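These notes concern the structure reproduced below.
The model shown is predicted, which means the values in this text are computed figures rather than measured ones. Atom set for the values below is all heavy atoms of this structure, side chains included, hydrogens, waters and symmetry mates excluded.
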Amino acid sequence: MADTDLTARLAALESRQRALEDELAIMRLIASYGPAVDTRNAQATAALWAEDGSYDFGGPRLDGAKAVGALVDLDTHRDFVARGCAHVLSLPLVTLDGDRATAICYSQVLVADGDGWRAARVSANRIHLARGAGGWRIITRETRLLDGSEAARALLSLEKEAP
């Protein structure tokens, strides 16, 4: 086997390994959201976002990681946590593009209700991420209730371009 063949194969293997590691890191980042907000940990929540990142959940948009972290102190959020809740995000569909990525997923907020739980919110999510010195962070997350609206369906579109 020629050295050039081995070098090319090794480079291809390293590229595939990096893509797998990137997808896993992004999945772990997204999976961290629920435990962070359900424990009302503003610092852990903010750490998921880039410093200048944003979160648009259909209410007033939160701009900056600190503002996103502070969502755990919103009255509605404190009420959910006090009653018992779980913010559950589905396995994301991740599309990598170098040091940028897009993830599409569903989310549910389950809230204790009597002897069981009910879905208080079921939403579509489109998350744009970037790799920086500290690893992958969320640049923008847009969430819309799955209420039959075009806005929610658009977030799930596989053809939509990254910003």
Side-chain angles (χ1 to χ4, degrees), residues 18 20-147 149 151-157 160 162-163:
R18 178 156 188 171
L20 290 169
E21 289 173 349
D22 287 343
E23 277 201 54
L24 180 59
I26 289 167
M27 286 184 216
R28 290 180 62 86
L29 180 84
I30 291 170
S32 299
Y33 177 78
V37 297
D38 290 337
T39 58
R40 296 193 54 229
N41 187 329
Q43 184 177 359
T45 303
L48 303 174
W49 265 259
E51 252 340 279
D52 61 348
S54 66
Y55 183 18
D56 178 355
F57 57 91
R61 190 172 99 170
L62 304 173
D63 290 313
K66 287 183 183 175
V68 174
L71 73 82
V72 301
D73 291 321
L74 295 174
D75 289 340
T76 53
H77 185 81
R78 284 195 318 245
D79 179 55
F80 279 165
V81 172
R83 291 188 307 178
C85 72
H87 287 73
V88 180
L89 281 76
S90 71
L91 184 66
L93 175 61
V94 178
T95 303
L96 296 169
D97 184 15
D99 288 338
R100 296 213 169 260
T102 301
I104 298 170
C105 65
Y106 296 95
S107 61
Q108 296 182 71
V109 180
L110 304 172
V111 180
D113 189 9
D115 290 336
W117 285 262
R118 67 175 174 81
R121 293 178 57 95
V122 179
S123 304
N125 296 264
R126 181 171 289 267
I127 304 167
H128 297 285
L129 307 102
R131 182 196 345 253
W136 287 97
R137 295 292 178 266
I138 298 169
I139 302 300
T140 62
R141 176 178 171 191
E142 188 175 0
T143 301
R144 290 294 176 269
L145 292 175
L146 284 166
D147 58 4
S149 70
R153 284 191 304 277
L155 292 181
L156 300 173
S157 173
K160 189 172 180 178

Spacing of R153 atom CZ and D147 atom CG [to the nearest 0.5 Å]: 9.0 Å

Which atoms form the tightest heavy-atom contact between A103 and I30, and what is the distance? CB-CD1, 3.6 Å

Other residues, nucleotides and ligands only: do more than 12 of their heavy atoms fall within 6.0 Å of OH on Y106? no

Shortest non-hydrogen contact from S90 to C105? OG-CB, 3.4 Å

To the closest 0.5 Å, what do you measure between CH2 (W136) and CD (E23)? 10.0 Å

Check for a donor-acceptor pair, side chain of D38 on one end and backbone N or O of H87 on the other, with a separation under 3.5 Å. yes

How long is the gap from CG on L155 to CG on N125, to the nearest 0.5 Å? 7.5 Å

If you take all heavy atoms of R126 and A154, which pair is closest and at what distance? NH2-O, 4.0 Å

Less than 4.5 Å apart, any side-chain heavy atom of L48 and any of S32? yes

Hey, what do you get for CE (M27) to CG (L89), rounding to the nearest 0.5 Å? 13.0 Å

Is there a side-chain contact between L29 and R137, using heavy atoms and a 4.5 Å cut-off? yes

To the nearest 0.5 Å, what is the distance between CG (D56) and OG1 (T143)? 7.5 Å

Return yes when atom CZ of R28 has more than 12 non-hydrogen atoms of other residues, nucleotides or ligands closer than 6.0 Å, and no otherwise. no

Is there a side-chain contact between V68 and T45 (heavy atoms, below 4.5 Å)? yes

By ring-ring contact (aromatic ring centres under 6.0 Å, His included), W49 pairs with (sequence neighbours left out) Y55

Tell me every residue that passes side-chain hydrogen bond (donor to acceptor under 3.5 Å, both in side chains) with R131, counting only those two or more places apart in sequence or in another chain. D22, D99

To check you understand the geometry: which heavy-atom pair defines the closest contact between L156 and L146, and what is its length? CD1-CD2, 4.2 Å

How long is the straight-line distance from CG of L71 back to CZ of F57, given to the nearest 0.5 Å? 6.5 Å

Heavy atoms only: give me the nearest R61-S54 pair and the separation to one decimal. NE-CB, 4.0 Å

Exercise: identify the closest heavy-atom pair between A44 and A36: CB-CB, 4.0 Å

Side chains of residues 72-80: which donor-acceptor pairs under 3.5 Å do they make with residues two or more places apart or in other chains?
unit_1: D73; atom_1: OD1; unit_2: R40; atom_2: NH2; d: 2.5
unit_1: D75; atom_1: OD1; unit_2: R78; atom_2: NH2; d: 2.5
unit_1: H77; atom_1: NE2; unit_2: V37; atom_2: O; d: 2.7
unit_1: R78; atom_1: NH1; unit_2: D73; atom_2: O; d: 2.7

Heavy-atom distance under 4.5 Å between the side chains of L96 and I26, does that happen here? yes

